[in-house]
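To keep things clear, I will list the structure first and then write my remarks on it.
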Number of protein chains: 2
Amino acid sequence: MAHKYETVAADIREIISTSLAPHDALPSERDLMTRYDVSRMTVRAAIAKLVDEGRVYNVHGSGTYVGSIDLFSKTPKLTSFTEDMTSRGYVASSRPLALARIDADEDIARRLGVPVDTECTHLRRLRLADNNPMAIEDVYLPRTVMEIEQLHLDQSLYVQLTEAGHEVHRAEQEIQAIMLSEEDSRLLGVPNGSAALSVERVSTSRRGLVIEFARTIYRSDRYSFHIAVTRDNEK
Amino acid sequence: MAHKYETVAADIREIISTSLAPHDALPSERDLMTRYDVSRMTVRAAIAKLVDEGRVYNVHGSGTYVGSIDLFSKTPKLTSFTEDMTSRGYVASSRPLALARIDADEDIARRLGVPVDTECTHLRRLRLADNNPMAIEDVYLPRTVMEIEQLHLDQSLYVQLTEAGHEVHRAEQEIQAIMLSEEDSRLLGVPNGSAALSVERVSTSRRGLVIEFARTIYRSDRYSFHIAVTRDNEK
DNA sequence: AAGTGGTCTAGACCACCGC
DNA sequence: CGGTGGTCTAGACCACTTC
């Protein structure tokens, strides 16, 4: 383990999961200082990380406590379809439906932040969970990010993007309810006109460059979206 | 301004908005130390806050940079319907549809974490934006949180809960696409069978007590849900 | 009043980036 | 190589909660 605060954080995680219940108090920061023989700032860095993970919360003047959350704890994290399905207990797979070079229409260009008619790569896939259709995904990549010839359909797109120097760091997502088109209903194996969840995502690198625009349409009978939010009572 | 790091953060925000563009570099931390005559930790606390707000990002070994424009939504924040509509530029209002004391059924009891048949307060409201129907909201409160007689329909529910010592601090939300019932379609003024966004929310206090369970059904032609997510490339 | 987390100082060395 | 952010020390005082 590289840094001290990480080892402290890891140890506190262990303590929490083995001997503490939600809303139990952690040892005080000064206690933890002597216990791990580190400075208070290191203890606070460790706790700050755990707070960020949603595992504990602070109460000024009182103590640090174990969070109530369970499985759905995490602060919203950007996950790939595969990661998402795996964490839900499914085996993810996919079937390519289309792969083509296209010119960005107005909508796609706006999302990608490029001029209309910019050449892009379009990948359309049926996404499966335990071999059952779960979603239809359309991904649009500017040619400057990845050429169509570079794309390997049998590998994780995120891994390929990372290897090409375009690691996704942040994304804005827009979630809507839509009614499925006839084609999409057929692909997903649900009645025509069913409601579905549309998640549109614009992903950017750490430097703020737009890497992809993706629209994923999930069948509503099998999929829902979880997020945890906190209320910042600050300015 | 109470704390030094807040005044530093406020000043940096000012610098950013008046004289820096996205991806421009901020002055270095050591520079800011001498500029504001504070310790480096204070500078870092200020920058940490700005990072949390999504205004800047760090690149180890290189510098701190202004984040890309994307105006809003950093870490998802819990907002009331009124706050949500206000930030979208609408005037929010509501029309009560029902207010009653009920016994929790299995579903509601599970969400509230109370035994079945626990007495609860149920409030159903039509929520309007610029006087147009936008959503239907059902809120369930355990009696221990708020008695039906204490509830004033003309006041913000969150304000009343806070004043009663039940400040909402955190919530878990589940977002689904559903098909509207005939009654709900009529109330919202959309065709029967339209798709809609259902947001179910379990709100808890800082101490982890469940305060409310709410289900809000938004018309899909007028409403979408925005969230920003980051990818933590850590263990 | 005692104990807690929140802020702050004035240093130090390490890891990484770009030239 | 020099400059940057990342981690860390060993203190200090403040603000808040609890009794």
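Proteins come first, then strands; the chains are lettered A, B, ... in the order of their sequence lines, and each starts at number 1.
- A search for side chain to side chain contact (heavy atoms under 4.5 Å, CB included) contacts involving Asp107(B) returns Asp105(B), Arg110(B), Arg111(B), Arg215(B), not counting sequence neighbours.
- For Arg101(A), the side chain to side chain donor-acceptor pair (under 3.5 Å) partners at least two apart in sequence or on another chain are Glu149(A).
- A donor-acceptor contact closer than 3.5 angstrom is absent between the side chains of Gln176(B) and Ser198(B).
- Considering only residues two or more places apart in sequence or on other chains, Ser156(B) meets the side chain to side chain contact (heavy atoms under 4.5 Å, CB included) condition with Tyr158(B), Val159(B).
- Every side chain to side chain contact (heavy atoms under 4.5 Å, CB included) that Val116(B) has, sequence neighbours left out, goes to Glu106(B), Ala109(B).
- With sequence neighbours left out, the side chain to side chain contact (heavy atoms under 4.5 Å, CB included) criterion links Ser94(B) to Arg125(B), Arg127(B).
- A heavy atom lying under 4.0 Å from DNA chain C marks the following residues of residues 25-44 of chain A, by number: Ser28(A), Glu29(A), Arg30(A), Arg40(A), Arg44(A).
- Taking the C1' atoms of five terminal pairs at each end of the helix from dA1(C)-dT18(D) to dG18(C)-dC1(D), the two resulting helix axes are inclined by 20°, rounded to 10°.
- With sequence neighbours excluded, the residues forming a ring-ring contact (aromatic ring centres under 6.0 Å, His included) with Tyr223(A) are Tyr218(A), listed by chain and number.
- Rounding to whole angstrom units, OH of residue Tyr5(A) and P of dT9(D) are separated by 13 Å.
- Remark: P of dA12(C) and NZ of Lys4(A) are 18 Å apart, rounded to the nearest angstrom.
- For the pair His60(B) NE2 and dG6(D) P, the computed distance is 6 Å after rounding to whole Å.
- Under the salt bridge (charged side-chain N to carboxylate O under 4.0 Å, His left out) criterion, Arg30(A) pairs with no residue at all, not counting sequence neighbours.
- Taking atom CD of residue Glu6(A) and atom C1' of nucleotide dA15(C), one finds them 13 Å apart after rounding to whole Å.
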